[in-house]
Amino acid sequence: MTPMTRALVDAIPMPALLIGPDMRVLAANAGAAQVLGDSGIGGHVARVLRQPAVLEAIEACRSGGARTEAQYIADDAGQDAHFDVTCAQVEGAVLVCLADVSPAMQTDRMRRDFVANVSHELRTPLTALSGFIETLMGPARGDVTATDRFLGIMQGEAARMERLVHDLLSLSRVEAQQRQRPKTLVDLTRVVRGAVDGLCGVAQKAGMQLSAELADTPVWVQGDADQLRQICINLIENGLKYGGQGGRVDVTLGVEAHYAALRGPAAILSVRDDGPGIDPLHIPRLTERFYRIDSHRSRQKGGTGLGLAIVKHVAQRHRGRLIIESQPGKGCEFRVALPWAEAE
Ligand code: ADP
């Protein structure tokens, strides 16, 4: 084998091996050594690629000359990694390339899970609506009291579907804009004050105390005012929904001169409640779509399971961070750090 052949195998941008006519490994690049745990150079290929289907594909290519394909499943730190293997003859040797298809498979799985979740979320209120319509057209026809009561429930179910569709659209919009950082300068103080004022009534109804500590001076960020308002609303509403009965939600906004994760000054929005808090086990998963600690409670409170996913994506679009801290029994704090912008 010439140095040129070895250099070519090294240059292939995916795990690749060159197998000689005697089925020994002539060359293997760093990617192959990493996936297989050993480059296996000089040894029989079966020593590093132990799966029969792959060995058969290499053998078929060696003897038949045609391009062959197989699947290879590697154990990557306890998780299966899937590779599409292609074998092609190169001057009497067989070039084996392993294309990692795990990310594509994972995206596909996430898409399927997402569709299943959305269908499930929509099916529940839809089933309720159909049931009530049937009852109103049949046994309860003409019963004014029942009609009033059922219409009230139907209105609630329709509102639930509306909220879900609204949140799905918000999420898909912000995801589509992920790479476009907003350019407008927005005064976060004004946005937060607007959101707090708008939710005072909700807090009062829930018997909760909502208070905000905001400076009189503007806090500027480069942002999308509607999406920033959405962040505030989602976090405050969560505090009101899941905070303790008769508890409080405190909102603060400040500027930190150097926020390490953002490598510069940051505006920090904090929403803190004194509710039951969150078990640390759940915290890393809270921003996944439809992840809820208590589904029944969330639905009962009108939750869609998308609120924190929206917050995370909006923060990311603004090149910011969402930090969740909680000690069970001592409430929790949701902090959003956004790059602070100096006003011109
Ligand atoms: P939901 O529509 O269910 O409120 P979110 O994405 O906003 O969806 O929140 C996901 C889950 O995180 C909630 O279902 C709830 O279990 C938990 N959670 C969110 N905020 C709080 C909070 N302030 N206190 C306790 N649990 C919370």
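Read the numbers this way: they start at 1 and go in the same order the structure lists the ligands and their atoms.
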>> Checking Asn234 against Gln230 for the side chain to side chain donor-acceptor pair (under 3.5 Å) test, could you report, in this order, the C-alpha distance in whole Å, the side-chain angles of both residues, the deciding distance, and whether it holds?
In response: CA-CA 6 Å; Asn234 289 5; Gln230 191 70 55; 3.0 Å; yes

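- Side-chain contact, Thr127 with Ser130: no donor N or O sits under 3.5 Å from an acceptor N or O.
- Close contacts of ligand 1 with Ile278, meaning ligand atoms under 4.0 Å from a residue heavy atom, involve 25 (C), 26 (N), 27 (C).
- The shortest side-chain heavy-atom distance between Met110 and Thr107 does not fall under the 4.5 Å cut-off.
- Closest protein heavy atom to atom 21 (C) of ligand 1: Tyr242 CD1, 3.5 Å.
- Residue Gly307 has at least one N or O atom closer than 3.5 Å to an N or O atom of ligand 1.
- In this structure, atom 23 (N) of ligand 1 lies nearest to the protein heavy atom Asp273 OD2, 2.8 Å.
- Atom-to-atom distance recorded for Ile41:CD1 and Leu26:CG is 9.0 Å, nearest 0.5 angstrom.
- Neither the backbone nor the side chain of Asn234 has a heavy atom within less than 4.0 Å of ligand 1.
- Closest to atom 19 (C) of ligand 1 among all protein heavy atoms lies Asn238 ND2, 3.5 Å.
- Using 4.0 Å as the threshold, Leu286 has a heavy atom nearer than that to some atom of ligand 1.
- Assignment of Lys241 to the shell around ligand 1 is supported, since a heavy atom sits closer than 4.0 Å.
- Any N or O atom pair closer than 3.5 Å counts here, and Leu308 shares at least one such pair with ligand 1.
- Checked by distance only, ligand 1 and Ile293 come closer than 3.5 Å through their nitrogen or oxygen atoms.
- Considering only heavy atoms from C-beta on, Gln177 comes within 4.5 Å of Gln180 through its side chain.
- The atoms of ligand 1 that sit less than 4.0 Å from any heavy atom of Arg292 are 3 (O), 14 (O).
- In terms of protein heavy atoms, atom 8 (O) of ligand 1 is closest to Gly305 CA, 3.3 Å.
- Within ligand 1, the atoms closer than 4.0 Å to a non-hydrogen atom of Ser298 are 1 (P), 3 (O), 14 (O), numbered from 1 in the order shown.
- If you take CZ on Phe290 and OG1 on Thr304, they are separated by 7.0 Å, rounding to the nearest 0.5 Å.
- For the pair Cys332 and ligand 1, a heavy-atom separation below 4.0 Å is found.
- The side-chain heavy atoms of Leu235 and Val336, taken from C-beta on, include a pair separated by under 4.5 Å.
- Remark: ligand 1 atoms within the under-4.0 Å shell around heavy atoms of Thr304 are 2 (O).
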> Do Asp108 and Arg112 pass the salt bridge (Lys or Arg N to Asp or Glu O under 4.0 Å) test, and can you show the C-alpha distance, the side-chain angles, and the key distance before you say yes or no?
Replying inline: CA-CA 6 Å; Asp108 200 41; Arg112 268 183 282 127; 3.5 Å; yes

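- At a threshold of 4.0 Å, the pair Arg292-Asp294 does not count as salt-bridged, since none of the basic side-chain nitrogens sits closer than that to a carboxylate oxygen.
- The local environment of CD in Glu175 is crowded, with over 12 non-hydrogen atoms from other residues, nucleotides or ligands closer than 6.0 Å.
- For atom 10 (C) of ligand 1, the nearest non-hydrogen atom of the protein is Tyr291 O, 3.4 Å.
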